[in-house]
Amino acid sequence: MENMNYDPTIDAYISKAENFARPILEHWRRLVHENCPDVEEAIKWGLPHFDYKGDHMCVMAAYKAHCSFSFIKGELMDDPRLKAAKDLKPVKRLLGKITEFSELIPDQEFIAMIREAVQLNEKGIKIQREKPIAEKPRVLSVLIYGVNYHVIASGPAYCPVFRLSV
């Protein structure tokens with residue numbers, strides 16, 4: 001595949017995928033590049049990602065028995081399948097677990113989703129994720145055999161992780 005934006009590490013990823021997955025991954029990749037010529041590819045967290053305008057846009061993955069494709073900002077997109085998949089693991093979003101080429105959605109639907117994802121990135125729209133509230137460890141004073149110990153308790157219900165210091 002001759003294209004300036006094709007990353008050889010993704011070529012290698014596809015070549016190592018199971019036989020059924022290779023044509024599917026190549027098809028998705030081609031459609032992304034045709035509909036977003038300035039897309040940048042990279043392997044992140046072990047999976048092929050497509051970024052545009054400095055932000056994540058979509059990701060594809062191949063496993064032993066299936067492959068998957070997810071739009072990072074799917075929950076902000078118009079397609080009800082993408083909105084409904086908001087709380088699913090990425091492997092189950094949008095297309096679910098694809099095991100053969102015939103299970104793909106029609107190209108025109110997929111292209112419309114790519115174009116919408118491109119527009120979100122062009123507008124600089126980001127997903128607002130709630131940051132987990134980190135609970136501060138408690139310091140407890142414990143008197144053991146006449147010696148005062150400071151116990152730093154952390155974890156759920158402050159058990160069983162303890163560190164003792166005198």
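Because the structure is predicted, anything quoted here is derived from the model rather than measured.
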task = Kindly write out the residues that satisfy side-chain hydrogen bond (donor to acceptor under 3.5 Å, both in side chains) with D51, not counting sequence neighbours, or none if the list is empty.
result =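 Applying side-chain hydrogen bond (donor to acceptor under 3.5 Å, both in side chains) to D51 gives K44, H56.
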Which residues share a side-chain hydrogen bond (donor to acceptor under 3.5 Å, both in side chains) with K16, sequence neighbours left out =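 Listed in chain order: nothing, the list is empty.
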ask   = When you check the gap from the basic side-chain N to the acidic O, do E18 and K64 get nearer than 4.0 Å?
value = yes
key: Carboxylate-amine/guanidinium proximity below 4.0 Å for R81 and D79   =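 A salt bridge is present here (some side-chain N lies under 4.0 Å from a carboxylate O).
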key: Qualifying residues under salt bridge (charged side-chain N to carboxylate O under 4.0 Å, His left out), relative to E41, sequence neighbours excluded   = R29
task = Apply salt bridge (charged side-chain N to carboxylate O under 4.0 Å, His left out) to E100 and list each qualifying residue two or more places apart in sequence or on a separate chain.
result = none
ask   = Going by atom types alone, do R30 and H27 pair a side-chain donor with an acceptor below 3.5 Å?
value = yes
request  = Could you tell me which residues satisfy side-chain contact (heavy atoms from CB on, under 4.5 Å) with E40, sequence neighbours excluded, listed by chain and number?
outcome  = none
Side-chain touch [X]/[Y], heavy atoms, less than 4.5 angstrom:
X   : Y   : result
Y13 : L25 : yes
C58 : W28 : no
P48 : I43 : yes

ask   = Listed by chain and number, what are the ring-ring contact (aromatic ring centres under 6.0 Å, His included) partners of F20, not counting sequence neighbours?
value =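 Result, ring-ring contact (aromatic ring centres under 6.0 Å, His included) vs F20: none returned.
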request  = Would you give the length of the straight line joining atom CD1 of I105 to atom CD1 of I111, rounded to the nearest 0.5 angstrom?
outcome  = 10.0 Å
inquiry  = Can you classify the ring geometry of F110 versus F71 as parallel (below 30°), tilted (30 to 60°) or perpendicular (above 60°)?
reply    = tilted
